[in-house]
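Read through the structure below, which is laid out as structure tokens, and then see the notes.
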Amino acid sequence: QVQLVESGGGLVQPGGSLRLSCTASGSGSSITAMGWYRQAPGKERELVAVTSGGSTNYADSVKGRFTIYGDNAKNTVYLQMSSLRPEDTAVYYCNARARSRVGIYWDYWGQGSQVTVSS
């Protein structure tokens, strides 16, 4: 019902910036929230940022450095990452929560984007 395609991952130096994009497509569902998660090898997946109803929330570890925003006309959500640290290295996953036509909520995931912060 909903397909998420990510782009923008790569390798950056500490202190650098990177922007991830996630474009949603599909019919029959309405997206109620979108966010970004990340997972490093051997660690649990963690919430990075989420936006819903015009509000945003961030993990404490990224506050002041990351910004989540969207372009409704393009059905796209972005994660602007600045002042990147080696600890930010992870696979980043786009997430969308959608309400089906019968009123059931589902979570959908992008394919994952590798972000590596290293000198």
Side-chain angles (χ1 to χ4, degrees):
Q1 293 181 331
V2 177
Q3 296 82 45
L4 304 177
V5 179
E6 303 177 25
S7 64
L11 189 153
V12 295
Q13 293 184 325
S17 299
L18 200 65
R19 189 182 75 168
L20 301 179
S21 300
C22 176
T23 299
S25 63
S27 62
S29 299
S30 61
I31 296 174
T32 61
M34 295 191 72
W36 292 90
Y37 291 72
R38 68 185 182 187
Q39 187 169 25
K43 298 183 179 179
E44 297 181 357
R45 184 173 300 187
E46 64 174 342
L47 175 67
V48 177
V50 62
T51 181
S52 178
S55 64
T56 58
N57 293 97
Y58 299 90
D60 288 340
S61 60
V62 307
K63 286 182 178 178
R65 301 188 297 120
F66 291 12
T67 301
I68 185 170
Y69 64 98
D71 185 339
N72 289 334
K74 296 182 178 180
N75 297 315
T76 299
V77 66
Y78 304 91
L79 183 67
Q80 178 65 52
M81 303 180 290
S82 301
S83 301
L84 283 162
R85 307 165 180 170
E87 307 91 86
D88 296 317
T89 296
V91 177
Y92 285 70
Y93 296 92
C94 178
N95 166 264
R97 174 158 289 188
R99 182 185 184 276
S100 72
R101 297 178 66 181
V102 294
I104 300 174
Y105 290 88
W106 297 88
D107 283 324
Y108 298 88
W109 297 91
Q111 78 276 16
S113 300
Q114 177 68 52
V115 173
T116 302
V117 184
S118 176
S119 60

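Of the possible polar contacts, none joining the Tyr58 side chain to the Gly64 backbone as a donor-acceptor pair under 3.5 Å is found. Judged by distance alone, the side chain of Glu6 and the main-chain N or O of Cys94 form a donor-acceptor pair under 3.5 Å. Side-chain atoms of Ser52 come within 3.5 Å of backbone N or O of Thr32 as a donor-acceptor pair.
The nearest pair of heavy atoms linking Arg65 to Ser83 is NH1-O, 3.0 Å. Considering every non-hydrogen atom in both Ser7 and Ser113, the closest pair reads N-OG, 4.3 Å. Of all non-hydrogen atoms in Gly9 and Leu20, the two that sit nearest each other are N-CD2, 3.6 Å. Listed here is the closest heavy atom pair of Cys22 and Leu4: SG-CB, 3.9 Å. For Ser118 against Leu11, the heavy-atom pair with the smallest separation is O-CD2, 4.1 Å. Taking both residues in full, the closest heavy atoms of Ala49 and Leu79 are given as CB-CD1, 4.1 Å, listed atom of the first, atom of the second, then distance.
Figure legend: Arg97 and Tyr108 shown without cation-pi pairing, the cationic atom not lying both under 6.0 angstrom from the six-membered ring centre and within 45 degrees of its axis.
In this structure, Trp106 places its CH2 atom where only 12 or fewer heavy-atom neighbours from other residues, nucleotides or ligands lie under 6.0 Å away.
For the pair Val50/Thr56, no side-chain contact is recorded, criterion being any heavy-atom separation below 4.5 Å from C-beta on. Side chains of Leu84 and Leu18 form a contact here, defined as non-hydrogen atoms less than 4.5 Å apart. For the pair Ser17 and Met81, the minimum side-chain heavy-atom distance is 4.5 Å or more. Proximity of Arg38 to Val62: side-chain heavy atoms (C-beta onward) are separated by under 4.5 Å at one or more points. For the pair Trp36 and Phe66, the minimum side-chain heavy-atom distance is 4.5 Å or more. Contact check for Thr89 versus Gln114: side-chain heavy atoms found under the 4.5 Å cut-off. Residues Leu47 and Asn57 fail the side-chain proximity criterion, which asks for heavy atoms closer than 4.5 Å. You'll find the side chain of Asn95 reaches within 4.5 Å of the side chain of Asp107, heavy atoms only.
Side chain to side chain, Gln13 and Ser119 fail the donor-acceptor criterion of an N or O pair below 3.5 Å.
With ring centers used as reference points, Tyr69 lies under 6.0 Å from Tyr78.
A distance of 11.5 Å separates OG1 in Thr51 from CD1 in Ile31, rounded to the nearest 0.5 Å.
One finds no salt bridge joining Arg85 and Asp88 here, because no Lys/Arg side-chain nitrogen approaches an Asp/Glu carboxylate oxygen to under 4.0 Å.
Val115 and Tyr93 are members of different hydrophobic clusters when ILVMFWY side chains are connected at heavy-atom separations under 4.5 Å. Ile104 and Trp109 are members of different hydrophobic clusters when ILVMFWY side chains are connected at heavy-atom separations under 4.5 Å.
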Original post:
Does the side chain to side chain donor-acceptor pair (under 3.5 Å) test come out yes or no for Ser21 and Thr76, once each step is laid out?
Top reply: CA-CA 7 Å; Ser21 300; Thr76 299; over 6 Å; no

